[in-house]
Number of protein chains: 2
Amino acid sequence: MKQYDHPPIEDFDLIAVLHALADPYRLSVVRKLAIAQPQPCAPLQGGRPKSSTSHHFMVLRKAGVVYTEIIGTTHMNRLRDAELNSRFPGLLEAVLKAVEKEPLEGCENVPR
Amino acid sequence: MKQYDHPPIEDFDLIAVLHALADPYRLSVVRKLAIAQPQPCAPLQGGRPKSSTSHHFMVLRKAGVVYTEIIGTTHMNRLRDAELNSRFPGLLEAVLKAVEKEPLEGCENVPR
DNA sequence: TCAATAGTTCGAATATAGTCGAACTATTGA
DNA sequence: TCAATAGTTCGACTATATTCGAACTATTGA
């Protein structure tokens with residue numbers, strides 16, 4: 001069962017993390033994973049072709065934002081929130097909090 | 001004395017702020033302003049041509065990261081840190097903290 | 001009034017990123 | 001063994017960003 005390479009914490013680069021988060025689609029993925037983890041890619045596609053989704057997940061993985069475990073045919077994604085927080089304390093939390101009141105496609109009916 | 005338009009807090013957009021910060025040169029400007037405010041553009045150029053500097057300052061201003069006041073012939077820049085913090089609590093602080101141990105060109109000899 | 005200063009604007013060139021269809025790979029379950 | 005599933009890779013295209021020189025504007029101080 002082949003797995004992805006994920007950067008170790010000490011290789012996390014702030015510019016790469018900020019860039020990874022500075023895209024509406026990728027930010028929505030991060031928000032959804034923050035609500036429910038882990039998740040396969042499929043339910044997070046949001047109407048996009050698989051190749052685009054795959055590209056964005058690669059950006060998230062390379063930055064260290066997402067960890068993907070291959071289980072059978074599905075790729076299970078989770079946030080590397082603890083690692084991110086140990087390297088860049090408060091960053092992910094601040095980002096998630098910054099958009100928590102904004103609508104999140106696919107989660108319109110989630111009660112608060 | 002003509003002045004710039006700066007977006008009001010309620011128009012701040014997280015994606016734009018993250019994008020503004022996700023560039024090495026712009027992040028260095030933000031770090032330098034966090035150390036000493038306000039400053040004109042000139043000492044922050046870092047060897048770049050003026051047109052590039054001007055472009056990056058425009059990105060920072062449009063995102064709401066930097067406030068520029070025109071005083072005579074110099075454009076004095078400061079961080080909109082309080083406003084940023086009221087809109088996106090903890091974000092700027094987390095970003096600055098994330099890189100505080102990294103070298104900052106032009107500040108190599110600052111004692112700690 | 002005029003030169004110097006500080007920074008902008010323009011336009012073109014280059015680089016980086018995002019999008020998408022089509023072909024591909026690995027795994028599972030029948 | 002074979003079809004279905006989940007996602008990747010490739011290559012081409014488009015869009016967005018960055019870079020830079022050159023010409024420009026506004027203000028000041030001599």
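Since this is a predicted model, take the numbers as computed values, not measurements.
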Task: Separation of atom CG in L60(B) from atom P in dG7(C), rounded to whole Å - done: 14 Å
Task: Nearest listed nucleotide, side chain of R26(A), among dG7(C), dG18(C), dT18(D) - done: dG18(C)
Task: Presence of R48(A) side-chain N/O under 4.0 Å of dG18(C) phosphate oxygens OP1/OP2 - done: no
- [ ] Ignoring the backbone of S52(A), work out which of dT18(D), dT19(C), dG18(C) is nearest its side chain.
- [x] dT19(C)
Open item on the list: Without decimals, in angstroms, what is the distance between D23(A) CG and dT16(C) P?
Closed with: 18 Å
Open item on the list: Is the shortest side-chain heavy-atom distance between Q37(B) and D81(B) below 4.5 Å?
Closed with: yes
- [ ] State plainly whether the residues R87(B) and E10(B) are in salt-bridge range, i.e. N to O under 4.0 Å.
- [x] no
TODO: Scan T74(B) against the nucleic acid and name what it touches under 4.0 Å (heavy atoms): base, sugar-phosphate only, or nothing.
DONE: sugar-phosphate
Task: Integer-rounded Å distance: dA6(C) P and L44(B) CG - done: 13 Å
Task: pair T68(B)-H6(B): side-chain heavy atoms closer than 4.5 Å - done: yes
Task: Any Y25(A) side-chain N or O less than 4.0 Å from OP1/OP2 of dT19(C) - done: no
Task: Between H75(A) and F57(A), ring centroids under 6.0 Å - done: no
TODO: Output the single nucleotide from dA17(C), dT19(C), dT9(D) whose closest atom is nearest the side chain of H56(A).
DONE: dT19(C)
- [ ] Decide, yes or no, whether a salt bridge links E100(A) with R31(A) under the criterion of side-chain N to carboxylate O below 4.0 Å.
- [x] no
Task: Shortest non-hydrogen separation from P24(A) to I15(B) and the atoms involved - done: N-CD1, 3.7 Å
Open item on the list: Need one value for H55(A): base, sugar-phosphate or nothing, where a base atom within 4.0 Å counts as base even if backbone is also close, heavy atoms only.
Closed with: base
Open item on the list: In this structure, how many angstroms lie between the C1' atom of dG7(D) and the CD atom of Q3(A), rounded?
Closed with: 13 Å
- [ ] Extract the stems that DNA chain D is part of, considering only consecutive pairing runs of at least three Watson-Crick or G-U wobble pairs, both distances under 3.5 Å.
- [x] C:1-30 with D:1-30
Task: Under-4.0 Å side-chain N/O to phosphate OP1/OP2 contact, Y4(B) with dG7(C) - done: no
- [ ] Can you tell me the distance, in whole Å, between the CG atom of L27(B) and the P atom of dT18(D)?
- [x] 13 Å
Task: Protein-nucleotide distance (K62(A), atom NZ; dT16(C), atom P), rounded to Å - done: 13 Å
- [ ] Go through the side-chain N and O atoms of R48(A) and T53(A) and say whether any donor and acceptor fall under 3.5 Å apart.
- [x] no
Open item on the list: Are the side chains of L91(A) and L91(B) in contact, using a 4.5 Å heavy-atom criterion?
Closed with: yes
Task: Per-nucleotide protein contact string for nucleotides 22-30 of chain D (B base, S sugar-phosphate only, - none; heavy atom under 4.0 Å) - done: B----BS--
Task: Phosphate contact (dG7(C) OP1 or OP2) by R61(B) side-chain N/O below 4.0 Å - done: no
Task: For atom CD of Q45(A) and atom P of dT5(D), their distance in whole Å - done: 14 Å
Open item on the list: By nearest heavy atom, map V59(B) and H75(A) onto DNA chain D; which one lands nearer the 5' end?
Closed with: H75(A)
- [ ] Would you confirm whether Q39(B), through its side chain, and A36(B), through its main-chain N or O, come within 3.5 Å as a donor-acceptor pair?
- [x] yes
Open item on the list: Running the 4.5 Å side-chain criterion over Ile, Leu, Val, Met, Phe, Trp and Tyr, what cluster does M76(B) land in, apart from itself?
Closed with: I71(B)
Task: Distance in angstrom units between E69(A) CD and dG7(D) P, rounded - done: 13 Å
